[in-house]
Amino acid sequence: MSLELPKPIAAYFAADSGDSEAVARCFTDNAVVKDEGRTYDGLAAIRKWKSESSAKYTYTSEPFASEQKDGKTVITSRLTGNFPGSPVDLRFFFRLEGDKIASLEIIP
C-alpha cells in the first residue's frame, strides 16, 4: 500500500535512511523533535539526533497509515532493523508550517 504523504513528510521519510543533513532540511529553523524521552530543539540538535540514531541503528521505515488528529498529521510506520524489539510500529506526530516540519513526536 502506498500512502499519499504531504511533501515535507514524504521528504522526511525519504531522507530518514541516514542522511542527517537531508533530514534537517525538512524542518523549520526552530523545530522541535521528541524521541525516546528526549527533546531536540532547533536544527543543530535535530541534525545531531539523526546522526547519532543512524550511527547506533540500521533500519528501514515503511509508513502504512495516516490520519489527522488535533492539527497534526499522524503517520504510523513499521520500523525493522537491528534495534531491540524490532520490528515495531511507531507513530510520528507531525505539525507542519508551510512546506516544513515544525514539530515531530515519535511514540510507540
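In this text the structure is predicted, and so the values were computed from the model without any measurement. Both backbone and side-chain heavy atoms feed into the values below; hydrogens, waters and symmetry mates do not. All residue numbers refer to positions in the sequence shown, counting from 1.
In this structure, Asn82 places its CG atom where more than 12 heavy-atom neighbours from other residues, nucleotides or ligands lie under 6.0 Å away.
With a 4.5 Å cut-off on side-chain heavy atoms, Tyr57 and Pro84 count as touching. Between Leu5 and Thr73, every side-chain heavy-atom pair lies at or beyond the 4.5 Å cut-off. Taking 4.5 Å as the limit, every side-chain heavy atom of Ile107 sits out of range of all side-chain heavy atoms of Leu90. With a 4.5 Å cut-off on side-chain heavy atoms, Tyr12 and Leu104 count as touching. Under the 4.5 Å side-chain criterion, counting only non-hydrogen atoms from C-beta, Tyr59 is not in contact with Ser86.
Between the side chain of Lys100 and the backbone N or O of Arg25, at least one donor-acceptor pair lies under 3.5 Å. Side-chain N or O atoms of Thr76 include none that pairs as donor or acceptor with a backbone N or O of Arg91 at under 3.5 Å.
In the model, Ser77 has no side-chain atom that pairs as donor or acceptor with a side-chain atom of Glu62 under 3.5 Å.
Under a 4.0 Å N-O distance rule, the pair Lys48/Glu52 qualifies as a salt bridge.
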For this session: Evaluate the criterion side-chain contact (heavy atoms from CB on, under 4.5 Å) for residue pair Ile75 and Phe13; output intermediate values, then yes/no.
Result: CA-CA 10 Å; Ile75 305 296; Phe13 281 109; 3.8 Å; yes
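Under the side-chain contact (heavy atoms from CB on, under 4.5 Å) criterion, Ser53 pairs with Lys50, sequence neighbours left out. Under the rule for a salt bridge (charged side-chain N to carboxylate O under 4.0 Å, His left out), the partners of Asp89 that lie at least two apart in sequence or sit in another chain are Arg78.
Here the NZ-CZ distance, from Lys69 to Phe93, works out to 5.5 Å after rounding to the nearest 0.5 Å. The CD1 atom of Ile46 sits 13.5 Å away from atom OG of Ser51, with the distance rounded to the nearest 0.5 Å.
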